[in-house]
Amino acid sequence: YVLNLFNTENYNFNYGQSAIMNIYNNCSNTNIANTTFNNNANFKDCSITIGNCIVKNGAKVIIDACETTTINGPFEIKIGSSLEVK
């Protein structure tokens with residue numbers, strides 16, 4: 001489980017559960033929306049949210065998030081393009 005770093009509520013762990021908390025300093029978020037990628041693009045951040053995007057033929061998009069990556073629809077990856085999520 002990854003707990004929300006800004007959540008002030010308590011969480012009770014059941015047997016066999018563990019948590020990762022406060023392991024990233026100075027984290028920021030990147031939001032990518034309503035974008036058409038005609039060329040290569042590379043995004044690196046703690047948390048990345050991407051949605052309503054199209055990756056056109058020949059374009060390569062790399063998403064490198066150290067915490068979470070969220071893809072919200074609609075999202076298209078055309079034939080001949082690529083999306084890499086690390």
Side-chain angles (χ1 to χ4, degrees):
Y1 290 97
V2 178
L3 300 181
N4 184 338
L5 301 177
F6 305 106
N7 186 353
T8 58
E9 297 175 6
N10 293 326
Y11 183 83
N12 295 320
F13 291 97
N14 295 320
Y15 178 78
Q17 293 179 326
S18 60
I20 301 171
M21 297 174 49
N22 298 322
I23 60 173
Y24 301 108
N25 295 323
N26 300 322
C27 257
S28 60
N29 300 318
T30 296
N31 293 306
I32 306 156
N34 306 316
T35 304
T36 298
F37 297 100
N38 294 303
N39 300 303
N40 296 345
N42 191 349
F43 299 95
K44 185 170 183 154
D45 211 335
C46 288
S47 295
I48 299 173
T49 301
I50 187 167
N52 197 26
C53 295
I54 299 171
V55 182
K56 292 282 195 163
N57 186 1
K60 179 178 183 179
V61 175
I62 299 172
I63 306 292
D64 187 359
C66 60
E67 281 188 9
T68 60
T69 298
T70 303
I71 300 175
N72 296 319
F75 191 88
E76 286 185 59
I77 305 169
K78 299 289 187 181
I79 294 173
S81 62
S82 67
L83 172 68
E84 180 180 348
V85 180
K86 296 182 178 185

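Keep in mind that what you see is a predicted model, and the values were worked out from it rather than measured. Position 1 is the first residue of the sequence; numbering continues from there.
Nearest approach of D45 to N29, heavy atoms of both residues: OD2-C, 3.5 Å. Nearest heavy-atom pair across A65 and C46 is CB-O, 3.5 Å.
I54 and I32 fall into different hydrophobic clusters, where Ile, Leu, Val, Met, Phe, Trp and Tyr are joined by side-chain heavy atoms under 4.5 Å apart, directly or via other members.
Distance CG/D64 to CD1/I48: 7.0 Å, rounded to 0.5 Å. For the atom pair CD1 of I71 and CG of N52, the computed distance is 13.0 Å after rounding to the nearest 0.5 Å.
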Please set out all donor-acceptor pairs under 3.5 angstrom arising from side-chain atoms of residues 73-83, sequence neighbours excluded.
residue	atom	partner	partner atom	Å
E76	OE1	K78	NZ	2.8
S81	OG	V55	O	3.3
S81	OG	K78	N	3.2
S81	OG	K78	O	2.4

Could you pull out all donor-acceptor pairs under 3.5 Å where a side-chain atom in residues 35-44 meets a protein atom, sequence neighbours excluded?
residue	atom	partner	partner atom	Å
T35	OG1	A33	O	2.9
N40	OD1	K60	N	2.9

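With contacts defined as side-chain heavy-atom distances shorter than 4.5 Å, the pair T49/N72 qualifies.
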